[in-house]
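Heads up: the structure comes next, in structure tokens.
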Amino acid sequence: MSFIMWIAITILIAVCLFLVFRIKTLQTEMSEYRHSDKLKSALIKALAREIRTPLHSVSGLAEIISKEGLYLSKSEKKTISDQILFNARLISTLLDEVNIYSEDGSSGHHLEDERFSPYKLCQSCIDANFSNVKEGVRLSYVYKSGEDLFVSSDRHIVELVLNKLVVCACKFTPKGEVGVGYEYEKNTRRLTFFVQDTGVGIPEERKKSIFKWFDAPDAQVEETEFDLSVAQRLAEKVGGYLRLDESFTEGTRMEFVLPVR
């Protein structure tokens with residue numbers, strides 16, 4: 001075989017190897033694109049589902065205040081106004097999530113330091129979720145720390161994460177109660193919100209994956225698990241994290257640990 005033939009064969013083999021490599025690269029890129037596209041679709045569906053809750057609440061409040069001859073006291077007007085504002089902020093933050101998980105992640109909600117009362121934030125989430133509890137279930141504040149505490153963090157995102165935990169607890173508590181509260185460790189300046197319930201609990205085989213960001217968004221994933229994985233990512237945005245208190249045996253207790261200033 002001539003030298004030129006050897007060169008031609010070598011070039012042909014190199015070209016074939018390059019084509020094989022390029023095809024595999026394209027397959028990988030297409031797979032990642034489909035994965036990313038499915039993940040975004042799953043997230044958008046989850047957000048659309050969540051937006052219905054505050055919209056339903058605002059719609060109900062609008063029906064109340066539109067009734068002819070209805071008299072409302074100052075405190076009732078303030079309660080309705082606070083609930084409308086809470087739901088408006090919730091819708092705004094849900095829309096921000098779309099940008100938070102956009103491709104570059106640089107747009108959307110910018111973190112802001114705001115001084116707020118954890119007690120009032122808990123009460124706000126409780127007030128917004130009375131319509132979500134099942135008949136006969138009690139939704140209330142659980143006293144653990146002083147009510148005069150004020151801390152600094154991004155209140156907007158903290159409120160959304162806590163509200164997601166309350167919604168999930170209400171969904172799986174057919175009887176008994178759902179309790180919301182917080183504990184503050186002064187030495188470490190660490191705030192821990194908690195949502196505990198007397199519901200059905202979490203199966204043992206799912207406990208390790210409830211906060212995991214799913215690698216297979218096209219799988220049949222429980223809506224609540226997807227919501228919790230989104231909540232975990234939001235918690236991480238403000239330097240915190242979610243965890244399951246496995247020592248709580250009367251139902252489920254979720255904790256949102258947050259460093260504050």
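Because the structure is a prediction, the values reported are computed rather than measured. Hydrogens, waters and symmetry mates play no part in the numbers below; they use all other heavy atoms, side chains included.
To the nearest 0.5 Å, atoms CZ (F194) and CG (L162) are separated by 10.5 Å. Of the inter-residue distances, the one linking E236 atom CD with F211 atom CZ reads 11.0 Å to the nearest 0.5 angstrom. With rounding to the nearest 0.5 angstrom, the CG atom of L258 is 10.5 Å from the OH atom of Y184. Between the OG atom of S152 and the CZ atom of F150 there is a distance of 10.5 Å, given to the nearest 0.5 Å. Note that OH of Y241 is 8.5 Å distant from CD of E255, once rounded to the nearest 0.5 Å. Atom CG of L242 is separated from atom CZ of R233 by 13.0 Å, given to the nearest 0.5 angstrom.
Shortest non-hydrogen contact noted between G199 and P174 is CA-CD, 4.3 Å. The two atoms that bring G201 and T252 nearest to each other are CA-OG1, 3.2 Å, heavy atoms only. For L191 against P118, the heavy-atom pair with the smallest separation is CD2-CG, 3.9 Å.
For the side chain to side chain contact (heavy atoms under 4.5 Å, CB included) test, residues two or more places apart in sequence or in another chain that qualify with R138 are S140, E177. The side chain to side chain contact (heavy atoms under 4.5 Å, CB included) check on V133 picks up V137, L139, C170, with sequence neighbours excluded. Evaluation of the side-chain hydrogen bond (donor to acceptor under 3.5 Å, both in side chains) rule for N132 yields N129 as partners, not counting sequence neighbours. In this structure, the side chain to side chain contact (heavy atoms under 4.5 Å, CB included) partners of T79, at least two apart in sequence or on a different chain, are Q83. With sequence neighbours left out, K175 forms a side-chain hydrogen bond (donor to acceptor under 3.5 Å, both in side chains) with no residue at all. Under the side-chain hydrogen bond (donor to acceptor under 3.5 Å, both in side chains) criterion, Q196 pairs with R253, sequence neighbours left out.
Distance alone, capped at 3.5 Å, places no donor-acceptor pair between the D154 side chain and the D113 backbone. Put simply, the side chain of K237 never gets that close to the backbone of I157: no donor and acceptor are under 3.5 Å apart.
A heavy-atom distance below 4.5 Å is found between the side chains of K164 and L234. Side-chain contact check for T192 versus Y182: every heavy-atom pair is 4.5 Å or farther apart. Counting heavy atoms from C-beta on, the side chains of L228 and M254 come closer than 4.5 Å.
Cluster annotation: I210 is not connected to V167 through the hydrophobic network of ILVMFWY side chains, with a link wherever side-chain heavy atoms come within less than 4.5 Å. Taken together through direct or relayed side-chain contacts under 4.5 Å among Ile, Leu, Val, Met, Phe, Trp and Tyr, F130 and V195 form part of one hydrophobic cluster. Linking ILVMFWY side-chain heavy atoms closer than 4.5 Å, directly or via other members, places V257 and V260 in two distinct hydrophobic clusters.
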Between T198 and T173, does a side chain to side chain contact (heavy atoms under 4.5 Å, CB included) hold up when you go through it step by step?
CA-CA 6 Å; T198 57; T173 307; 3.9 Å; yes

Show, in sequence, the C-alpha distance, side-chain angles and deciding distance for L165 and F193, and conclude whether the side chain to side chain contact (heavy atoms under 4.5 Å, CB included) test is met.
CA-CA 10 Å; L165 296 182; F193 289 101; over 6 Å; no

Test log, rule side chain to side chain donor-acceptor pair (under 3.5 Å), inputs T188 and E185
CA-CA 6 Å; T188 60; E185 297 176 16; 3.0 Å; yes

Determine, step by step, whether E159 and S124 satisfy the side chain to side chain contact (heavy atoms under 4.5 Å, CB included) criterion, reporting the C-alpha distance in whole Å, the side-chain angles of both residues, the deciding distance to 0.1 Å, and the verdict.
CA-CA 9 Å; E159 186 173 50; S124 179; 3.4 Å; yes

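Considering D197, V200, I202, V178 as possible partners of F172, the one that fulfils the side chain to side chain contact (heavy atoms under 4.5 Å, CB included) test is V200.
Aromatic pair Y141/Y119: ring centres closer than 6.0 Å.
A salt bridge links K207 with E204: at least one charged nitrogen is closer than 4.0 Å to a carboxylate oxygen.
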